[in-house]
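Okay, structure first, notes after.
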Amino acid sequence: MKRLLAPLLAISLAACGSYGAAESTPAPQAPPAAERVCDAAPAQYHIGHDATEQMGAAILKESGAQTLRWGAPNSAWTMDYRPDRVNVRYDDKRKIIEITCG
């Protein structure tokens with residue numbers, strides 16, 4: 001039984017170890033996308049403005065963030081920190097009260 005298994009094992013290991021090793025070259029990889037980091041300072045003047053879709057787009061652009069998260073009154077937020085996200089909280093009258101990053 002050992003005589004039969006040894007050649008099969010050797011053949012299967014040899015096939016795995018040599019398959020494509022000499023012929024393949026690593027495929028070129030695209031450079032990683034530049035990470036966008038939020039800076040809330042340029043958008044602070046929006047505090048007191050109406051929380052609208054257009055205002056959100058302006059805050060997103062001015063902060064340099066990649067994503068925007070709206071914070072409705074009395075809502076809970078996750079505590080995960082994302083350097084590419086701008087957070088915009090607004091009150092019951094839909095007026096922006098806070099702009100932060102994370």
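Numbers here simply count residues along the sequence, with the first being 1.
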Set of salt bridge (charged side-chain N to carboxylate O under 4.0 Å, His left out) partners for D39, sequence neighbours left out
none
Under a side-chain separation threshold of 4.5 Å, the hydrophobic residues clustered together with V37 are none
For G102, is there any backbone N or O sitting under 3.5 Å from a side-chain donor or acceptor partner on R85?
yes
Report the residues that fulfil side chain to side chain contact (heavy atoms under 4.5 Å, CB included) with A58, sequence neighbours left out, ordered by chain and then residue number.
H46, E62
Shortest non-hydrogen contact between I96 and M55, atoms and distance:
CD1-CG, 3.6 Å
dist I59:CD1 -> Q44:CD (nearest 0.5 Å) comes out at 9.0 Å
Just grab all the disulfide (SG to SG under 2.5 Å) pairs involving residues 35-102, residues at least two apart or on different chains.
C38-C101
Check each of I47, L68, T100 against V88 using the side-chain contact (heavy atoms from CB on, under 4.5 Å) test, and report the only one that passes.
L68
Under 3.5 Å, which donor-acceptor pairs link side chains of residues 70-79 to any protein atom two or more places apart or in another chain?
residue	atom	partner	partner atom	Å
S75	OG	A72	N	3.4
S75	OG	A72	O	2.7
T78	OG1	R69	NH1	3.3
T78	OG1	D80	OD1	2.4

Does anything in residues 88-98 form a side-chain hydrogen bond (donor to acceptor under 3.5 Å, both in side chains)? List the pairs, not counting sequence neighbours.
D50-K95
